[in-house]
Student: 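First the structure, which I've put down as structure tokens, then a few questions once you've had a look.
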Amino acid sequence: MQNYAILLSNLKRPRTLIHAARIGVENYCRETHLARCITDIPLPTVDEATAQLLELEERANAQRLDDDMTYSVKHHVEILIALMGEARLLCASPVVQDLK
């Protein structure tokens with residue numbers, strides 16, 4: 001397991017994106033929200049999903065910075081919601097609790 005806490009804490013994104021994602025993560029439902037970003041069936045483990053979401057978020061952010069016409073704020077927020085939701089699940093997992 002990678003240290004996702006460090007990777008997530010180093011993300012620097014506009015406040016509006018983070019604020020929207022924080023609102024959305026309160027109602028995070030893995031089966032619904034994660035499936036919008038990752039189409040793997042069955043859904044990957046929390047660790048695998050977090051790694052995939054970090055890659056997707058990096059691509060979305062690159063599109064945002066490049067003023068790419070295909071950039072979607074909605075999709076970027078969905079990725080951030082899923083990423084925050086998976087991070088919460090990862091922090092709540094028994095393995096992580098044992099490491100604390």
Student: Could you note down all residue pairs passing salt bridge (Lys or Arg N to Asp or Glu O under 4.0 Å) where residues 67-80 supplies at least one of them, sequence neighbours left out?
Tutor: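 Salt bridge (Lys or Arg N to Asp or Glu O under 4.0 Å) check on residues 67-80 returns K74-E78.
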
Student: Applying the 4.5 Å side-chain criterion to the ILVMFWY set and letting contacts propagate, would L34 and I23 be lumped into a single cluster?
Tutor: no

Student: Only counting residues at least two apart or in another chain, list the ones meeting side-chain hydrogen bond (donor to acceptor under 3.5 Å, both in side chains) with T45.
Tutor: E48

Student: In the structure I gave you, are the side-chain heavy atoms of Y71 and D66 within less than 4.5 Å of one another anywhere?
Tutor: no

Student: Show the nearest heavy-atom pair for residues C37 and L53, with the distance to one decimal.
Tutor: CB-CD2, 3.8 Å

Student: Look up atom CG in L11 and atom CG in L17, then write down how far apart they are to the nearest 0.5 Å.
Tutor: 11.0 Å

Student: Before giving the answer on side-chain contact (heavy atoms from CB on, under 4.5 Å), spell out for L80 and V25 the whole-Å C-alpha distance, their side-chain angles and the decisive distance to 0.1 Å.
Tutor: CA-CA 9 Å; L80 288 169; V25 78; over 6 Å; no

Student: Indicate every side-chain donor-acceptor pair of residues 56-63 with a distance under 3.5 Å to a residue at least two apart or in another chain.
Tutor:
{"from": "E57", "atom 1": "OE1", "to": "R13", "atom 2": "NE", "distance (Å)": "3.4"}
{"from": "E57", "atom 1": "OE1", "to": "R13", "atom 2": "NH2", "distance (Å)": "2.9"}
{"from": "E57", "atom 1": "OE2", "to": "R13", "atom 2": "NE", "distance (Å)": "2.7"}
{"from": "E57", "atom 1": "OE2", "to": "H76", "atom 2": "NE2", "distance (Å)": "2.8"}
{"from": "N61", "atom 1": "OD1", "to": "R13", "atom 2": "NE", "distance (Å)": "3.4"}
{"from": "N61", "atom 1": "OD1", "to": "R64", "atom 2": "NE", "distance (Å)": "2.9"}
{"from": "N61", "atom 1": "OD1", "to": "R64", "atom 2": "NH2", "distance (Å)": "2.8"}
{"from": "Q63", "atom 1": "NE2", "to": "T70", "atom 2": "OG1", "distance (Å)": "3.0"}

Student: Please tell me whether L43 and L83 are part of a single hydrophobic cluster in this structure, the criterion being side-chain heavy atoms less than 4.5 Å apart.
Tutor: yes

Student: Enumerate the residue pairs fulfilling side chain to side chain donor-acceptor pair (under 3.5 Å) with a member in residues 30-39, sequence neighbours excluded, ordered by first and then second residue.
Tutor: R30-E86

Student: Indicate the atoms forming the closest heavy-atom contact of V77 with A20, along with that distance.
Tutor: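 Closest heavy-atom pair between V77 and A20: CG1-CB, 4.0 Å.
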
Student: With rounding to the nearest 0.5 Å, note down the distance linking CG in L89 to OG1 in T50.
Tutor: 8.0 Å

